[in-house]
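Remarks on the structure that follows.
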Amino acid sequence: AAVAETAGAFLVIPHGTYRITRGIVLPAATWAGMLMAGKIRYEGPGNQIAVTIGTDSAVAGAYNQSKVYRGLHVERATQS
């Protein structure tokens with residue numbers, strides 16, 4: 001039900017800094033795209049993926065390209 005309610009909508013990340021300590025996955029199938037005014041700050045271990053948007057399959061890759069992504073801002077607390 002949650003997917004049906006959000007299908008075709010945009011994921012909106014408002015102003016602010018959103019700290020994470022482990023990688024996150026934002027599945028592309030749920031939204032039409034993502035609008036980001038804030039930023040995601042990764043404070044987890046080095047050599048790890050901080051944010052994955054969509055999936056990595058060949059079919060989903062073409063699907064991910066049809067999405068709109070604006071203002072993406074992800075930073076690491078330390079460089080790995």
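The structure displayed is predicted, hence computed values, not measured ones.
With contacts defined as side-chain heavy-atom distances shorter than 4.5 Å, the pair Ile53/Leu72 qualifies.
Leu35 CG to Tyr69 OH: the interatomic distance, rounded to the nearest 0.5 Å, is 11.0 Å. The CD1 atom of Ile20 sits 11.0 Å away from atom CZ of Arg41, with the distance rounded to the nearest 0.5 Å. One distance of note links CE of Met36 with CG of Leu11; it measures 8.5 Å at 0.5 Å rounding. For the atom pair NZ of Lys67 and CZ of Phe10, the computed distance is 9.0 Å after rounding to the nearest 0.5 Å.
Val51 and Tyr42 fall within the same hydrophobic cluster, where Ile, Leu, Val, Met, Phe, Trp and Tyr residues are linked whenever their side-chain heavy atoms come under 4.5 Å apart, directly or through other members. Taking hydrophobic clusters as Ile, Leu, Val, Met, Phe, Trp and Tyr residues chained together by side-chain heavy-atom distances below 4.5 Å, Ile24 shares a cluster with Met34.
For Arg19, the side chain to side chain donor-acceptor pair (under 3.5 Å) criterion is met by Glu43, not counting sequence neighbours. Ile49 is linked by a side-chain contact (heavy atoms from CB on, under 4.5 Å) to Thr52, counting only residues two or more places apart in sequence or in another chain.
For residues 8-18, no pair satisfies side chain to side chain donor-acceptor pair (under 3.5 Å), with sequence neighbours left out.
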